[in-house]
Structures are given as structure tokens and as C-alpha cells.
Amino acid sequence: MFTAIGTSSRGLVLVYSSFAENGYAKTSTIAPSSCTSWIGYSYRRRSSLVRIEVVPKPVASSSGTEQRESARKESRDGSASDEALQLRRSADWRAARTYKESGVIFDGKIEGSNAGGLLIRFYSLLGFLPYPLLSPSHSCRDPGKSIQGIAKDLVGSSISLKVIEANEEEKRLIFSEKDANWSKYSSQVKVGDVFDARVGSVEDYGAFVHLLFPDGHYYLTGLVHVSEVSWDLVHDVRDILSEGEQLKVKVIHINREKSRLTLSIKQLEDDPLLETLDKVIPQEGQSESDSLVMPDNINIEPLPGLESICKELLQEDGITGVRFGRQGLEKRVVSQDLELWLSSVPAKDKQFTLLARAGRQVQEVYLTTSLDQEGIKRAVQSVLRRVP
């Protein structure tokens with residue numbers, strides 16, 4: 001039998017009223033297994049009593065259990081949420097690849113910008129639109145504004161885009177507004193069309209020019225090669241064109257596979273060499289009052305080196321005949337060296353005209369050829385590389 005006689009820092013103090021002959025309490029009567037709410041005991045002899053200190057077994061509080069259960073539940077919910085987000089992102093990457101492969105245009109919302117471009121929302125993904133792939137309409141609308149200022153104004157708006165790269169492994173999702181514009185507006189452009197335009201940038205090899213469409217926006221950009229800037233020899237395009245300059249251009253070639261436009265400024269005018277030739281050597285029945293009349297006793301010597309060039313031209317594939325045409329003298333010296341000029345007039349009935357010039361002398365050379373203008377140009381360049 002136990003009697004509680006007090007407490008200690010470790011729990012209740014109980015006294016067992018029965019003693020063995022040696023005066024010690026029987027430990028078997030208070031074995032820990034018989035006290036499920038206690039985890040230990042000790043005893044010592046004190047006079048005729050045995051003092052037993054029983055240590056209480058800690059009991060987990062209900063609030064602590066609830067917290068642990070709540071934490072486990074949140075962990076399970078978090079894992080499920082992460083898994084769902086990952087599945088959604090994988091699906092969105094598949095959608096991005098489908099957009100890229102199909103070429104479908106996507107309306108993307110601009111969520112921000114950085115030093116290199118705009119941040120575009122694509123469902124659960126965030127993609128990138130580099131500044132060079134923005135439509136020229138933004139910069140042409142306000143030419144004085146910096147690209148950072150333009151980007152700031154665009155944040156929050158939506159624009160038409162194409163996915164041009166979707167690499168899930170490298171987390172690269174790249175958009176282009178220029179590609180979307182090509183799909184939407186290139187069908188409105190045809191060879192021979194003349195556009196009002198604005199110079200975007202000038203390079204050593206030519207100038208990139210933005211075309212103005214009837215609705216007042218600049219959607220497409222083409223290249224005016226240095227050879228198409230002027231009929232005169234151009235050493236530096238920057239001497240003639242400057243960024244922001246407004247002008248007219250003619251579309252002379254469209255590469256729809258590579259989404260490229262080739263433009264010309266010089267072809268808006270007739271070749272001045274042909275005009276000069278007609279003034280120097282009038283057509284039959286034409287008045288010679290404005291022409292340089294040559295006395296009958298003046299014999300014009302053949303241009304040095306021209307015969308060798310003509311013989312070599314006959315070796316080129318596609319050229320079956322070469323003969324000299326009219327000749328005359330110009331009022332001024334054009335060049336001291338022999339120069340060959342291609343007529344801007346396309347070959348007609350397999351006949352094409354070259355102009356050979358040196359000093360004041362000018363000579364027509366007629367080619368019989370199945371080549372187009374570009375083919376004749378390559379043939380002439382090939383011959384000039386062979387003939388010293």
C-alpha cells in the first residue's frame with residue numbers, strides 16, 4: 001500500500017507501509033510496469049519509512065500533436081502543389097514547341113523588361129523578346145525615344161508574336177514580333193512596289209529600311225545594298241544615307257523562305273548612262289540638235305582591252321554571241337580606266353546591252369544570251385577577274 005506524504009521536484013513522494021525483515025521496501029511491489037503513468041522510482045531508508053520518488057512520464061500535449069499533423073499535411077499539400085506546377089509547366093513547354101513548329105501567332109502580354117529585351121508571359125512560363133526582334137513600328141512611332149523608354153511604355157500591353165525557340169532543358173523561350181509581322185503583312189508586298197520608307201540603320205554593306213504601310217505603321221524591314229543606293233559609285237553608304245531619313249524605295253526581290261526583302265533606291269530612276277548614251281548616239285530618226293556631233297573624218301579607236309573581254313565573254317555558259325554596237329564621245333571624261341556597265345533594262349529577245357567606257361569614249365556591246373541580269377553580272381565579273 002502506498003501513502004502520499006508530499007511532493008518533490010521530480011513528482012509525488014509515496015510511502016509503502018509494508019517492510020521486509022531487513023527494513024527495505026520490496027521493489028517488486030512498485031515496479032514501473034505497474035505504474036503506466038510513471039517512468040521511474042527510487043527509494044532509500046529513512047527511519048522506519050521508505051521514501052519513494054516517482055518520476056512522471058511526459059505526456060504529449062494535444063496542441064503539439066496537432067501542429068505536427070498540420071506540418072505533415074502542409075508538406076503533403078506542398079509536394080502535391082509542386083508536382084502539379086511541374087506538370088503544368090511541362091505541358092506549357094510542349095505547347096511552346098507546338099507554336100514554334102506550326103508558326104502560329106501568339107498574343108503575349110509584356111510583363112517587364114531588362115537591358116536586353118522584354119519579358120513575355122506564356123501561360124505558366126516567362127519568355128524573352130530581344131529588342132532587335134521588336135517590330136520597327138515602335139521606334140518609328142517616336143524616333144526620339146530610347147529603346148528603354150519604348151519598353152517601359154509597352155509593359156502591360158499585348159503584342160502579336162511568334163515562338164522562334166523553345167528549349168525546355170536550357171529554359172530558353174524566345175519570341176519575335178518581326179517574324180509575326182512577316183506572316184501577317186508580307187503578302188501585301190510585291191516585286192516592283194514602291195514604298196515610302198524610313199532608314200533604320202546604316203552599315204558598310206548597305207542600309208536597313210522600314211516600309212510604311214497604308215495604315216501608317218512600319219511593319220517590315222528590307223535591305224538596300226550599297227550597289228542599289230545610287231547609279232554612281234558609292235564608297236561609303238553613310239555619305240548618302242543617314243538614320244531616320246525618309247525616302248522612297250522600290251522592292252526588287254522577295255525571299256519568302258528566308259523572310260527577306262531586297263530594296264533599291266537607284267532603280268526609281270532610269271540609268272543615267274543610258275540617257276547619256278542616247279544623247280551622245282541618237283536613235284534612228286531622232287534629232288541630233290542636243291547631241292555631240294562628230295566630224296566624219298574622226299575615227300574612234302576601239303577601247304583598249306575590250307576585244308579580249310568580248311572573246312572571254314563567249315567562253316561563259318549562256319552567252320552565245322557578242323558584237324559591237326554604237327559608239328561615240330561624251331562631253332566629259334567619265335573614267336580613265338576601262339569600265340563595263342550593265343544596262344538596267346532586262347534582256348529582250350535574248351539581247352542584252354553592255355556599255356564600255358573609258359575617258360570620253362563610250363561603246364555599246366550587244367550580248368546574245370539566255371542569262372538574266374544577275375547571271376550576266378556574274379559572267380562579266382568572272383571575265384574581269386581573268387582578263388588583266
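Positions are given from 1, in the same order as the sequence printed here.
- Using a 4.5 Å cut-off on side-chain heavy atoms (C-beta onward), Leu211 and Thr221 make no contact.
- In this pair, Phe175 and Phe106 present their aromatic rings parallel. The plane angle is below 30°, not in the 30 to 60° band.
- Criterion: ILVMFWY side-chain heavy atoms under 4.5 Å apart, direct or through other members. Under it, Val155 and Leu119 are part of a common hydrophobic cluster.
- More than 12 heavy-atom neighbours from other residues, nucleotides or ligands sit within 6.0 angstrom of CZ on Arg238.
- Nearest heavy-atom pair, Ala379 versus Leu371, reported as atom, atom and distance to 0.1 Å: CB-CD1, 4.3 Å.
- Counting heavy atoms from C-beta on, the side chains of Leu173 and Phe122 come closer than 4.5 Å.
- Here the shortest heavy-atom pairing between Lys184 and Ile105 reads CG-CD1, 3.5 Å.
- The shortest distance between side-chain heavy atoms of Lys145 and Asp153 falls below 4.5 Å.
- Using modelled atom types, one finds a donor on one side chain and an acceptor on the other under 3.5 Å when comparing Thr368 with Gln351.
- When side chains are defined from C-beta on, Leu133 does not count as touching Glu177, because their heavy atoms never get closer than 4.5 Å.
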Stepwise side-chain contact (heavy atoms from CB on, under 4.5 Å) test for Val383 and Glu316 = CA-CA 8 Å; Val383 167; Glu316 294 292 315; 3.9 Å; yes
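- A distance of 15.0 Å separates OH of Tyr185 from OH of Tyr218, quoted to the nearest 0.5 Å.
- Annotation for Gln148: atom CD counts as buried by contact number, over 12 foreign heavy atoms lying within 6.0 Å.
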Kindly indicate, with the supporting measurements, whether the criterion ring-ring contact (aromatic ring centres under 6.0 Å, His included) is fulfilled by Phe324 and Tyr366.
-> CA-CA 6 Å; Phe324 293 138; Tyr366 300 131; 9.7 Å; no
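- A side-chain donor from one of Arg386 and Ser382 sits under 3.5 Å from a side-chain acceptor of the other.
- Residue Phe208 is not grouped with residue Trp182 when hydrophobic side chains (ILVMFWY) are merged at heavy-atom distances under 4.5 angstrom, including chains of intermediate members.
- Nearest heavy atoms, Ser176 versus Ile164: CB-CG2, 3.8 Å.
- Contact check for Leu313 versus Leu354: side-chain heavy atoms found under the 4.5 Å cut-off.
- Side-chain contact, Ser158 with Asp107: no donor N or O sits under 3.5 Å from an acceptor N or O.
- The shortest distance between side-chain heavy atoms of Asp239 and Asp236 falls below 4.5 Å.
- With contacts defined as side-chain heavy-atom distances shorter than 4.5 Å, the pair Ser90/Arg88 does not qualify.
- Neither Val194 nor Ile252 shares a network with the other; the hydrophobic side chains, linked directly or stepwise wherever heavy atoms of I, L, V, M, F, W or Y lie under 4.5 Å apart, form separate groups for each.
- Side-chain N/O atoms of Ser183 and Lys162 include a donor and acceptor closer than 3.5 Å.
- Judged by distance alone, with hydrogens and angles left aside, the side-chain atoms of Lys171 form a donor-acceptor pair with the main-chain N or O of Glu168 at under 3.5 Å.
- Ring orientation note: the planes of Tyr219 and Phe213 are nearly perpendicular, at an angle over 60° on the 30°/60° scale.
- Within a 6.0 Å sphere centred on CZ of Arg121, other residues, nucleotides and ligands contribute more than 12 heavy atoms.
- Hydrophobic clustering (ILVMFWY, side-chain heavy atoms < 4.5 Å, transitive): Val249 and Val191 are in one cluster.
- Note: the hydrophobic cluster containing Leu134 does not contain Val209 (ILVMFWY, side chain heavy atoms under 4.5 Å, direct or indirect links).
- Using a 4.5 Å heavy-atom cutoff, the side chains of Phe195 and Asp193 are in contact.
- Remark: Arg256 CZ is packed, more than 12 non-hydrogen atoms of other residues, nucleotides or ligands lying under 6.0 Å away.
- In summary, the side chains of Gln327 and Glu364 do not present any donor paired with an acceptor at a separation below 3.5 Å, with no hydrogens or angles considered.
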